[in-house]
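Shown next, in structure tokens, is the structure this report addresses.
Values in this document were obtained by computation on a predicted structure and should not be read as measured data. First the proteins, then the strands, lettered A, B, ... as listed; each starts at 1.
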2 protein chains.
Amino acid sequence: MDYEQILKERNLSLTSVRLAVLEALEQHPHSEAGVLFKIVHKKIKTTSKQAIYNNLNMMVEHGIIREIKPKGQPSLYETKVGDNHHHIVCRSCQKVMDTDCHSLAPCLSPKISHGFVIDEAEVTFWGTCPSCQKSKGDKNEQH
Amino acid sequence: MDYEQILKERNLSLTSVRLAVLEALEQHPHSEAGVLFKIVHKKIKTTSKQAIYNNLNMMVEHGIIREIKPKGQPSLYETKVGDNHHHIVCRSCQKVMDTDCHSLAPCLSPKISHGFVIDEAEVTFWGTCPSCQKSKGDKNEQH
DNA sequence: GCAATAAAATTGATTGACTCAATATTTTTA
DNA sequence: TAAAAATATTGAGTCAATCAATTTTATTGC
């Protein structure tokens, strides 16, 4: 994706750190700030963790990236936005995968809205990923 | 609810702190640990925050209570469990309300499960609550 | 292009939720 | 009611994330 254009469209400064964060995030979706810092740091040796946090927060506010926060993990970020996709998280290894919702409408219309004006449905599916299913099976076989 | 019985059924010790946490949580759903500590502390002056955390974590593991973690807030807890209900969070004031899902099945069957075995669908609706809609309107009128 | 201005990056301190570990106390079991 | 097990208390410590002051970088107007 052309992130330079995306930033320009919103009158946001084009900085090396900002572009490096977006590039890192595109290559490593569902990354936390610390991981992104390490990746960006390889390219830009003078960068700081604070710059990563500032940019992530700012770009979330502008809808350029999305933040998810599964229980027990720090905030994770992704460049995939605007498609109302959801996430599957593994209870064992915390791996996160994207998934489209089977049916969009029900997720956007809660039965009782209590007068709230709803603008987003955030869905997290919890379960066990293939490799953790396998290792669990291995454990049982060891008995 | 008879929490003494719920705890006994699971062979968990009946302690004053534990029962006070459950009572506080029933009266104040979607509370965070710090708030629960304050409530319990009024009744049991010698209690500690650590005891609150230990009990919350332990009871979440045993399925007696449920933990939710909306973005930008610490973990919240509730005694309403086992009914797969969802939550609406206000973007302005962070208020949390319960809601039943309009249609349960789609929420439990993501289109692409990537081989995961899904056991829970956690849904958070984001929006603006009635009173924040109102105060937003007030602001606009002041112009 | 280059100075002036605005925005972002760096640095270091600080917050706040939460955990860890050692000791004391309470609860349960025999 | 004594022994064993579970829980509570205390204080230190961790880690993600934020705040604030200064320096650097990017943008704008000439």
Partners meeting ring-ring contact (aromatic ring centres under 6.0 Å, His included) with B/His28 (sequence neighbours left out):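 Scan of B/His28 (ring-ring contact (aromatic ring centres under 6.0 Å, His included), adjacent residues dropped) gives none.
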Under the ring-ring contact (aromatic ring centres under 6.0 Å, His included) rule, collect the residues that match up with A/His87, sequence neighbours excluded. A/His30, A/His85
Running the 4.5 Å side-chain criterion over Ile, Leu, Val, Met, Phe, Trp and Tyr, what cluster does [X] land in, apart from itself?
X	value
A/Val81	none
B/Trp126	B/Ile68, B/Leu76, B/Val89, B/Val96
B/Val117	none

Kindly write out the residues that satisfy salt bridge (charged side-chain N to carboxylate O under 4.0 Å, His left out) with A/Lys43, not counting sequence neighbours, or none if the list is empty. A/Glu23
Who passes salt bridge (charged side-chain N to carboxylate O under 4.0 Å, His left out) against B/Lys71, sequence neighbours left out? A/Glu122
Taking any atom closer than 4.0 angstrom to a non-hydrogen atom of chain B, what span of DNA chain D does the protein reach, first nucleotide to last? D/dA6 to D/dG11
Whether A/Glu78 side chain and A/Ser31 backbone form a donor-acceptor pair below 3.5 Å: no
Does A/Ser75 have any side-chain hydrogen bond (donor to acceptor under 3.5 Å, both in side chains) partners at least two apart in sequence or in another chain, and if so, which? A/Glu67
side-chain hydrogen bond (donor to acceptor under 3.5 Å, both in side chains) contacts in which one or both residues fall within residues 50-66 of chain A, not counting sequence neighbours: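 Listed by first then second residue: A/Arg18-A/Asn55, A/Gln50-A/Asn54.
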Using a 4.0 Å heavy-atom cut-off, write out nucleotides 12-30 of chain C from 5' to 3' as B (base contacted by protein), S (sugar-phosphate only) or - (no contact). B----SBBB------SS--
What does the inter-axis angle of the helix from C/dG1-D/dC30 to C/dA30-D/dT1 come out as, five pairs per end, nearest 10 degrees? 40°
Take atom CD1 of A/Ile52 and atom C1' of C/dT10, then tell me their distance rounded to the nearest Å.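 So the two atoms are 12 Å apart, to the nearest Å.
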